[in-house]
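So the structure is just underneath, and the comments pick up after that.
None of these values were measured; they are calculated from a predicted model.
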Amino acid sequence: MLLIHCPHCREMREEEEFSYSGEAHITRPLQPELLTDEEWGDYLFFRTNSKGIHHEMWFHAVGCRRYFNVTRDTLSYEILESYLIGTQPTITGATS
Amino acid sequence: MKKYSAFSLLKNALSYHENWQKVWRNPTPKAEYDVIVVGGGGHGLATAYYLAKVHGLTNIAVIEKGYLGGGNTARNTTIIRSNYLWDEAAQLYELSMKLWEGLSQELNYNVMFSQRGVLNLGHNLQDMRDIERRVNANRLNGIDGEVVSPHRIKEIAPLINISPNSRYPILGASWQPRGGTARHDAVAWGYARGADALGVDLIQQTEVTGIRRQNGAVVGVETTKGFIGARKVACVTAGNSSVVAAMAGLRLPVESRPLQALVSEPVKPCLDTVVMSNAVHGYISQSDKGDLVIGAGVDSYNGYGQRGSFHVIEHTVQAICELFPAFSRVRMNRQWGGIVDTCPDACPIISKTSVEGLYFNCGWGTGGFKATPGSGYVFADTVANDRPHTLAAPFTVDRFNSGALIDEHGAAGVAH
Amino acid sequence: MSTAVTQKNRTGSGSCTDASAPIQFTFNGKSYQGVVGDTLASALLANGVDVVGRSFKYARPRGIVGHGAEEPNGIIQLGSGAATVPNLKATQVELYPGLEASSVNGWPNVDFDLMGLIGAFGRLMPPGFYYKTFMYPKKLWMTYEHFIRQAAGLGATPVENDPDSYDKLNQHCDVLVVGAGPAGLVAAREAARTGARVIIADEQAQFGGSLLASKQTIDGLAATDWVTAMVAELEAFDNVQLLPRSTAFGYYDHNFMAILERRSDHLGLTAAQGTRQRLHRVRARQVVLAAGAFERPLVFAQNDIPGVMAATSVTTYINRYGVVPGTKLVICTTNDSAYQTAIDWHQAGREVVAVVDTRSVLDGDLVAAAKALGINVIAGHGVIEAQGGKRVKRALIAPLNDDGSAVTGSARRLDCDLIATSGGWSPAIHLSSHTGAKPIWDEQIVGFRPGASKQQERSAGACRGTYSLAGCLAEGASAGAEAAKLAGCGDGNMHFPLPTCEEYAQQPQQALFLVPHTKSASRAPSQFVDFQLDVTAGGVELAVREGFESVEHVKRYTALGFGTDQGKLGNINGMAILANALGQSIAETGTTIFRPSYTPTTFGALAGRDVNQLFDPERYTAVHRWHSDQGAKFEDVGQWKRPWYFPQAGESMHDAVNRECLAVRNSVGILDASTLGKIDIQGPDAAEFITRMYTNSYLKLAPGKCRYGVMLKEDGMIFDDGVCACLGENHYLMFTTTGGAAGVLSWLELWQQTEWPALQVYFTSVTDHWTTATVTGPNARKVIAKVCNDIDLSNEAFPFMDWRDGTVAGIKARVFRISFTGELSYEVNVPAHYGRQVWEQLIAAGEEFGITPYGTETMHVLRAEKGFIIVGQDTDGSMTPGDMNMDWVLGKNKAFSYIGKRSLDRSDTVRENRKQLVGLKTLEPADVLPEGAQIVFDPKQQIPMSMQGHVTSSYYSACLGHSIALAVVKGGLERMGQKVYCPLADGRMIAAEIVSSVFYDPKGERHHVG
Amino acid sequence: MSVDSKVQTPLHYFHGVFGRPGIESDSSKLFNTDVECGLVIKEAPLSAHLNVRGDAGDAGFCKAVADVLGVALPTDPGLCNHNDSISIYWLGPSEWCVIALGGDAAELEAALRAKLSGHVSIVDISGGQTLINLRGHGVETVLKKSTVCDFEALPMAKPGQRGVTQSTFAKASAVISNRCDGSYDLIIRRSFADYIAQWLLDAGAEFGCRIER
């Protein structure tokens, strides 16, 4: 039962206010037509699914309706930081 | 292998049970195997068993980081059915169903496969359209099934609430009489005992930490007990598929999420079938011990922690109380979580990979237990012959590039 | 019947009972008397009831062993009828007047159980015997299983609806203290005085924990008086919530604790008022666990005979309840604490036959105190076997070697009727373990203590292995102050002086988990480890012999710890016996994983108020009550209740739908379309953004104009559809499907916020703001004209797919000329608070034309006649626009690669022979194909048949006079005019012809009508 | 309560309905409103509700809003600025809800549009939601039954400023705001209003509960 810091509301809020929106930092290819089926399939479906440090998007669905990023350990479920869309995490798998 | 029977039980009782044979050996790993199966869960053990039994390969090891059958095999709600929508899935699960039907005798181990039937409830008009469509498809695929009325549902499960005034009224259901449950631990132990008897080395408490490759082909695995050579490596590591794939530099279209379940205290027999509902989000059966075995939903987030969030349990219990108001005063004895590796189309991957000699069987999502025998059977065939078994062919990883997904969300949803 | 006669073991009032206040109750149909403050267990013991149940597997007679959550045997069914509760522990059931309870097993009764005969064949049922037999002949398994199941289960579930209700409170606090024993009480006080929001919960009716049965003094007060004073002190804080009868049963991530409060169970079977139980969902900044410890019983032969109890439980019954459960006591212990039981028993005026201590050298203070009272202490011995039938008659004791592993001499008998045992203590590490903290085996305390914290928690007192009272008080106070500080309150220093109490010098306990017998475990009389599931030491050893080496394997093979007591008494002994059999240490063997629930938790409480009609919200439109007043039948669409059809007196659904359809086609109908999702979109980049989301372009859509669009997911599959209108410069209104509204809004937000934040566009849901009344049919214009005079309704001035601002029935409205019926249509939108008023005015205006309200079923028929799809019915997540024969909706020259576009070019999406939307006309016009029917080309083939598609929508068209269907068929568009077949479950094979999916007005002239 | 009155606020059909122990809800007209209720739910009359979007970092935008409404735009999370008739609730970093009690939404929108420029959005949502006030000694318990948020941790209400948050409310959602008098304001969506009314009547029954306008 997660307690998530919403960087917009600047508060810790209950998981039930949020919805999970998948792995963060997956950028849509600028020119999809130039991609092979494999490359496009990779964008669509293939995920790091890391065990440990994971960067993911959450949506404050019944709160401020903003998306934001969270760095979370998928084994301990500890949330290490939350940060705005368009910014980079300060904690990464490499540094942990 | 000494055969189990009522007679052997009696004989051993007379000697105070001091002379039972070990159910499997505890071998030290050899330097090299023809095939290493990574993962000693039900699917891995079944794979090893059929590799030995059907394909005559005996120089096989199953490497398990914990204890046999200790992952999702130990944590699921044991529902077995084959009433899937799409031909590809239906045929795969029906192969499993047929294997289940002779499994106790095949293994000389009573897996307590109980064909008490499975109801999948419909609560709105679209549910009923989907049920009609699926049952029609099942019947034309030779799989038993019928659409049943609320009245008939009430006969099958007398404590169910079929009031038309309930918030999610039951409009009907699909009914697969051959579906049911099995004793999950016994499935793993039965396959393990069978595989061991055929010469398979079952190596427990040994974790695979790397997959060694040379020139694009597998040569063996690194483990916590050192390197073990292998010509082929077959990975069946539900809950860790992406982690193991990463050892070979591969990514999978898989996300790992907690799936929770719970049991009540044991109560006298009160539910003689399996009841599942996607719309209210819950499913329930009663074990032979008397526990109500209840499946909860998948948590929304990725997680490897074998636990999920409490509100998922609450929602599930609400669903059960909606379906069975009489169970409101029954009590939850224990709850737990497993990790399910789920593909975007809720169907598994049974596939060769871009690495020669490396095979993956994963992505079963919430529905793996019921597939245990069939999964092992077709995967063993795929590994032994280095080409997809006919029934496995639609389940290659390539479908995520071509777009030929087999969308079983309707059949999977919460449903298992 | 006087108390003195019936309650032969009652000596007077205990610290929690009032012997002068009798309570009548019945057990197994027999009437008894207890007193106020009793549990069912204490009352049964007071009455000398020995056998309270039969064991699960062997049906052996069983009596009360413990006094709380650890009780494995006293499992009862409370009450009868709708409010009956199965499987309660008698030790946790507070007595109330008229309580009725019965044993859960035993037939015909617990004293004479025919199943007990099976127990005589127990040797035929070792662990795992199910797996080894019942396999042949194969077809008989389901019969075997039937009989196996008949023997299963403890109590019985009610078969009627629960008369009680339950609720939940979401709580937030700075410090949560679990357990109100000595450590918990002082922890709460230290935290409370910092001003922190504190919750202290205890599973028992009274705070105090072990102190309730203690004869020690604290700060010069009797322990129970000190507790009373502490509770009063805590109650005086307005920042402290005290929750008695509240069990913390699950510790979840990020310091979320689930606590079950029993609000009325002590008063009666059902709650006279209010809720029966309440679930507290507590999010705590810091947690102090002060959950205490369980005394470990000693395992010896026939240790399950009624009259074998835990020593501390005996003390508790004497001091707390005023019940002395026997006359002649033998104690068997490995440590000093059981001497207190001997002293208490002695002081209660009954005979202590002997204290049998497995240690050979004894010199603790309590030992001395017992000896001073003349109590017979036998050192270096153990009770190796209990003897008796339904009650202990004697103990067999024998000398043991120094480490207690073997009997060194001959056994002798001690006559007695009670054997109290103490094998040391097991800290209650359950909650700490729920967090994933790995328990650590501690040789000093001979038990597992909590592992390193995974959450913001700390343990204090007995649950971390500190057993002295002074130690508990010191740890509790420090933990409370520390927790408050870490929650941001106070300085972390203890404020109150530590309470003072006397200390006893104790000598080390002996680690002993199985008292040896003269015979081996496999041959000795059964030595029970897990009473409830009949797991014996021999069974554990057998599992090892068969090759099960992991503690989890042994647990699963033997069922050790799977009972409703979750092995609180048996697990540690079982693991130790396993470790010994494997020749390894307990630390190496490890524990099984602790899972919630700490004690069983009522489903109803987990469900709370979200049951029955509150199970899920029902969403209503502003016109809902008008519909129900008209007798509408409703259809569930997502959470919405939509009118399905409006039957008139005597009409079947079929009649009603035919009537409604014809009314629309021939005159005019009205539909409540308010449930459609509506999203207001504003911003300089709105058109660009919308164009990226839909498959077609909106860049040139002028104010006043509408356009139909299809939205794909990035995989190219249809996900939603609807009309989008340009309201003005940089201002749009997007309609979504009813079920898709929330999903589409968050989909838009997702792309704008995460992928294209540079696009300036805002989205606002206006679904609830508008009431939408669709007036449709050839007379629609005439109806609207009666209530609207500021819009030029002529076809030229207000053409199809335009919208206008105007006044309808005196209310400012937006009117859209869009049509889902194929008829001339006006969708009138007014703010919802005027919705019903405008609706009624439209009805009144249409009266002369026979305006007919219609529901979703008629809507479906009418749109199917036109071949319009319904997303989710005609599509299923695997359908592209091309599959729906809707290539026309794909913008061909869009600069930006709209969402899903690339996926339409994948090898599988461009392949031949995909399923395509077509119409089907049955050869027999009256046959209506069932929706969901599968389609084959060759009706004569054997099963498995080659399925080529399925029917997605199917109706009888009253307007056309024949059935119509939409279907998806492989290569369907190339198969126009061909025959297909639908083999049905009832044996019929219905033939149909593939036709265009547009059945009615194929040129679309009617909705343009001038 | 009159079915044919022109305006129907979302709780229209619940005005005068009460709940008490043992009865989940009762629409009996015989109910004596003098009986003390531990929870009184009062629905505000039809008012102007606007959803306003814009850049909180744009001083011109903030000033223009303040000028038109006479109330400063709250730019910090969790705050609601208000005067006697107008409240501005912070909903998100670029989103506010403006409620003008008894006001005319179209006029207010026009006034705002006249002063605002650039990338802003103003949407009339008056028909889509309603403002209700919860008062009485049962209010905290009822809120604890209903929402997962820590409403006790809202910024303290003081003259001109209140705390506001959005969270779950039963299985729907609500905007929750505290008032100086210890009562709470809720903004709920129209289509969920029946559900929430039923929920509140049930949750408040133990204290005695009524809905009034």
| query | Heavy atoms, side chains only, cut-off 4.5 Å: are C:Val288 and C:Val178 in contact? | reply | no

| Going through the distances and angles, do A:Leu80 and A:Ile53 end up as a side-chain contact (heavy atoms from CB on, under 4.5 Å)? | CA-CA 9 Å; A:Leu80 304 161; A:Ile53 299 295; 3.2 Å; yes

| Which atoms of A:Phe45 approach chain C - backbone, side chain, both or neither, heavy atom under 4.5 Å | side chain

| task | Show your reasoning for whether side-chain contact (heavy atoms from CB on, under 4.5 Å) applies to C:Phe689 and C:Phe763. | result | CA-CA 11 Å; C:Phe689 186 87; C:Phe763 314 98; 3.3 Å; yes

Hey, what donor-acceptor pairs show up under 3.5 Å between chain A and chain C?
from    : atom 1 : to       : atom 2 : distance (Å)
A:Met1  : O      : C:Arg283 : NH1    : 2.9
A:Met1  : O      : C:Arg283 : NH2    : 3.3
A:Leu2  : O      : C:Arg283 : NH2    : 3.0
A:Leu3  : N      : C:His254 : ND1    : 2.8
A:Leu3  : O      : C:His254 : ND1    : 3.4
A:Glu14 : OE1    : C:Arg283 : NE     : 3.2
A:Glu14 : OE1    : C:Arg283 : NH2    : 2.7
A:Glu14 : OE2    : C:Arg283 : NE     : 3.0
A:Glu16 : OE2    : C:Arg281 : NH2    : 2.9
A:Arg28 : N      : C:Glu755 : OE2    : 2.8
A:Arg28 : NE     : C:Glu714 : OE2    : 2.6
A:Arg28 : NH1    : C:Ser897 : O      : 3.0
A:Arg28 : NH2    : C:Glu714 : OE1    : 3.1
A:Arg28 : NH2    : C:Glu714 : OE2    : 3.3
A:Arg28 : NH2    : C:Ser897 : O      : 3.0
A:Arg28 : NH2    : C:Tyr898 : O      : 3.3
A:Pro32 : O      : C:Arg902 : NE     : 3.1
A:Glu33 : OE1    : C:Ser897 : OG     : 3.1
A:Glu33 : OE2    : C:Ser897 : OG     : 2.9
A:Leu35 : O      : C:Arg902 : NE     : 3.4
A:Leu35 : O      : C:Arg902 : NH2    : 2.9
A:Thr36 : O      : C:Arg902 : NH2    : 3.4
A:Asp37 : OD1    : C:Arg902 : NH1    : 3.4
A:Asp37 : OD1    : C:Arg902 : NH2    : 2.8
A:Asp37 : OD2    : C:Ser907 : N      : 3.1
A:Trp40 : NE1    : C:Ser903 : OG     : 2.8
A:Tyr43 : OH     : C:Glu714 : OE2    : 3.3
A:Arg65 : O      : C:Gln753 : NE2    : 2.9
A:Arg65 : NH1    : C:Glu749 : OE2    : 2.8
A:Arg65 : NH2    : C:Phe763 : O      : 3.1
A:Tyr67 : N      : C:Gln753 : OE1    : 2.6
A:Tyr67 : OH     : C:Ser746 : O      : 2.8
A:Tyr77 : O      : C:His254 : NE2    : 2.8

| note | Closest non-hydrogen contact found for C:Ala741 with C:Gly677 is CB-CA, 3.6 Å

| Segment of A:Leu44 engaging chain C (4.5 angstrom heavy-atom cut-off) | side chain

| field | Side chain, backbone, both or neither of A:Ile26 within contact of chain C (heavy atoms, under 4.5 Å) | value | backbone

| said: Is there a side-chain contact (heavy atoms from CB on, under 4.5 Å) between C:Leu712 and C:Met717? Walk through the geometry before answering. | reply: CA-CA 5 Å; C:Leu712 310 181; C:Met717 303 304 155; over 6 Å; no

| remark: Between C:Ala605 and C:Leu260, the two heavy atoms sitting closest are CB-CD1, 3.3 Å

| query | Quick one: what part of A:Met12 sits under 4.5 Å from any heavy atom of chain C, side chain, backbone, both or neither? | reply | neither

| task | Locate the shortest heavy-atom distance separating C:Ile681 from C:Ala686; write the atom from each residue and the value. | result | CG2-CB, 3.9 Å

| Can we call the ring centroids of A:Phe18 and A:Phe68 under 6.0 Å apart? | yes

| request: Check whether any side-chain heavy atom of C:Ile259 sits under 4.5 Å from a side-chain heavy atom of C:Phe249, and report yes or no. | output: no

| task | Give, as side chain, backbone, both or neither, the part of C:Leu904 having an atom under 4.5 angstrom from any heavy atom of chain A. | result | neither

| Does any heavy atom of chain A fall under 4.5 Å from the side chain of C:Leu750, the backbone, both, or neither of them? | both

